[in-house]
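Structure record follows, encoded as structure tokens.
A, B, ... follow the sequence lines: proteins, then strands. Residue 1 opens every chain.
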Amino acid sequence: MATLQNTSVHPASDAATVMVDIRHMNKWYGEFQVLKDINLRVESGEKIVICGPSGSGKSTLIRCINRLEEHQDGDIIVDGIPLTADVKNIDQIRSEVGMCFQQFNLFPHLSVMENCLLAPMSVRKTSRTEAKRLAQHYLEKVKIPDQADKYPSQLSGGQQQRVAIARALCMEPRIMLFDEPTSALDPEMISEVLDTMAELAADGMTMICVTHEMGFARKVADRVVFMDLGCIVEESDPDTFFNNPKNERTQKFLNQILQH
Amino acid sequence: MTFDYLAIWDHRDILIDGTLKTLLISAIAIPAGVCIGIFVCLLRISNRRLLRWPAIAYIEIMRNIPLLILLFMVFYALPFYGIRLSGLTTGFICLSVYGGAYFAEVFRGGVEAVPKGQFDAAKALGLKYGFYMRRVIFPQLYSYVFPPATNIALTLIKESSLLSMITVAELTYAAHDINGRTFTPVETFATIAIIYWGISIVFLNLTSRLQSRIEMDPVSQQIAIR
């Protein structure tokens, strides 16, 4: 199995299919280096699961992809657009990259529908009717079509996360980022969110998920990326990753989380 | 000692004028202070030093000098530099600018109380700064900001009495005037104390009604898109 880790020279011909290309990226918080020489290439339609112990930089890494965090060194290219301090590029990338968070982060003062309308209408300049149709479509897709007029606080955690997914999808993004989407959920609600994500994956969405749900990784991921101490330690297909991990730290991590 | 009602009643015109002027000053200075506060708050929370530092300087200066000195500087010192403002104009400006610094700090506290995830989500959706501040962040501030902002507004109403020191014929000035004519300090100052108290009570009543309306009805926080 060829790893894509050290391919710093890409042939120009397949550039169109590379959705996220991170090359030699470094990030510091003051003196502390959180990300060290990160290289990651995600092709169109690929599903990547990033896992690793807490503090390993997984969330920071995916938050760099839409510039919620700033990287200091190296290149990040999202769908052909280089991520620099250029506000135009950042805006363009953000409009193409959807994101779901651990704490859902729905806007509490807006109804489910308004949450979904806000971005398409203000960023894409979609008409209200069209945006509503879009929102209804995606709310049906995440199986909560009847809650459009409710407020986030009236929904369960699992429903809130599914609304958050629908809200992101209303921008019709080319890539979806998930930052521990099930970590704040009660156990019985985890599967409804994972099912929604699996369906999205089956539709061909390019996805990068930080998650501890190893069952999801096994079933859905094309590649599993293991991070520790700010480095990508191992990167392989789920089969190899779970059954035949090469790195000692990966083995230790898997032993810890899979023994239950 | 008897309470000389007549001394007050005979000069009710002066009292009514003074009360109206106090109300007028408050009605202008409070909204103006809120506007200044929002503007300065936005500068204060900016990532750019060039915007942030002037805001910090402004807030620190305004909070650390007495309002009375500010009034004296504008009213008595500025004419030496060729700027001559009437007492009432000085009062409007100083009270707004003074209140603005306090409002700015209260609003900043409110913005910082909004969970960071709200900013993350807004940015991740591609919303522009001005848009998400207006539609996502500020609507969530009301409940954090309302009680302390009400306090500041109330303080401004009462501090407006200092304008009597720069010849503005508001309520306190009216009291001095009546007392000078009738020498009834007990009656006059008790009366204006009651009037100030009444204004404050009415004001608090209005704001608490407004606040409960905002809190009870989430729909009232929704502003139709465009």
Side-chain angles (χ1 to χ4, degrees), chain A residues 59 62-63 65-70 87 90-111 113-128 131-132 149-154 163-164 167-171 173 175-179 184, chain B residues 38 41-43 45-52 107 109-147 149 210-226:
Chain A
S59 289
I62 71 162
R63 287 167 61 88
I65 295 172
N66 62 354
R67 197 70 164 195
L68 292 184
E69 304 274 355
E70 204 174 313
V87 180
I90 296 174
D91 283 347
Q92 202 178 344
I93 287 171
R94 282 179 180 165
S95 70
E96 286 185 28
V97 178
M99 189 166 192
C100 291
F101 302 87
Q102 186 174 349
Q103 300 296 342
F104 331 131
N105 298 346
L106 293 174
F107 305 136
H109 58 299
L110 299 177
S111 69
M113 180 54 86
E114 294 284 347
N115 263 281
C116 292
L117 293 181
L118 209 56
M121 289 180 66
S122 105
V123 182
R124 293 248 192 266
K125 309 288 176 209
T126 313
S127 73
R128 195 183 178 88
K132 262 191 157 163
D149 296 325
K150 287 196 177 167
Y151 285 86
S153 59
Q154 297 169 297
V163 170
R167 177 177 71 174
L169 290 177
C170 283
M171 283 293 282
I175 307 160
M176 281 290 291
L177 308 175
F178 292 87
D179 188 2
Chain B
I38 292 171
C41 164
L42 288 171
L43 295 181
I45 59 177
S46 166
N47 288 326
R48 288 182 207 159
R49 278 184 206 172
L50 224 60
L51 298 179
R52 193 170 66 230
F107 297 154
V111 171
E112 283 171 2
V114 173
K116 211 180 146 284
Q118 294 290 311
F119 292 86
D120 285 346
K123 286 183 206 165
L125 283 169
L127 303 177
K128 299 264 194 306
Y129 180 80
F131 182 83
Y132 73 70
M133 286 307 277
R134 202 172 72 242
R135 295 292 312 278
V136 175
I137 305 303
F138 277 136
Q140 296 187 49
L141 292 188
Y142 294 131
S143 53
Y144 299 119
V145 158
F146 219 95
L210 194 60
Q211 184 181 8
S212 55
R213 235 181 69 184
I214 289 168
E215 279 174 1
M216 302 272 288
D217 182 14
V219 182
S220 73
Q221 292 193 15
Q222 287 188 70
I223 311 138
I225 295 181
R226 279 185 226 152

Stepwise side-chain contact (heavy atoms from CB on, under 4.5 Å) test for B:Lys123 and A:Asn66: CA-CA 9 Å; B:Lys123 286 183 206 165; A:Asn66 62 354; over 6 Å; no
Using non-hydrogen atoms only, which part of A:Ile93 is less than 4.5 Å away from chain B: side chain, backbone, both, or neither? neither
Determine the minimum heavy-atom distance between B:Ala121 and A:Asn105, stating which atoms define it. CB-O, 3.5 Å
So, using salt bridge (Lys or Arg N to Asp or Glu O under 4.0 Å) as the criterion, who are the partners of B:Lys116 when residues are at least two apart? B:Asp120
Tell me if a side-chain donor or acceptor on A:His109 pairs with a main-chain N or O of B:Arg135 at a distance below 3.5 Å. yes
Closest non-hydrogen atoms of A:Pro108 and B:Gln140, given as atom of the first, atom of the second and distance, are CG-OE1, 3.5 Å
Is chain B contacted by the side chain of A:Phe101, its backbone, both, or neither, given a heavy-atom distance below 4.5 Å? side chain
Pairwise side-chain contact, A:Leu118 with B:Leu125, heavy-atom cut-off 4.5 Å (strictly under): no
Can you say whether A:Arg67 sits under 4.5 Å from chain B via the side chain, the backbone, both, or neither, judging by heavy atoms? neither
Please classify the contact between A:Val123 and chain B as side chain, backbone, both or neither, with a heavy-atom cut-off of under 4.5 Å. side chain
Please report the closest heavy-atom contact between B:Gln118 and A:Leu106, naming both atoms and the distance. NE2-O, 2.9 Å
ring-ring contact (aromatic ring centres under 6.0 Å, His included) with B:Tyr132: which residues, sequence neighbours excluded? B:Tyr129
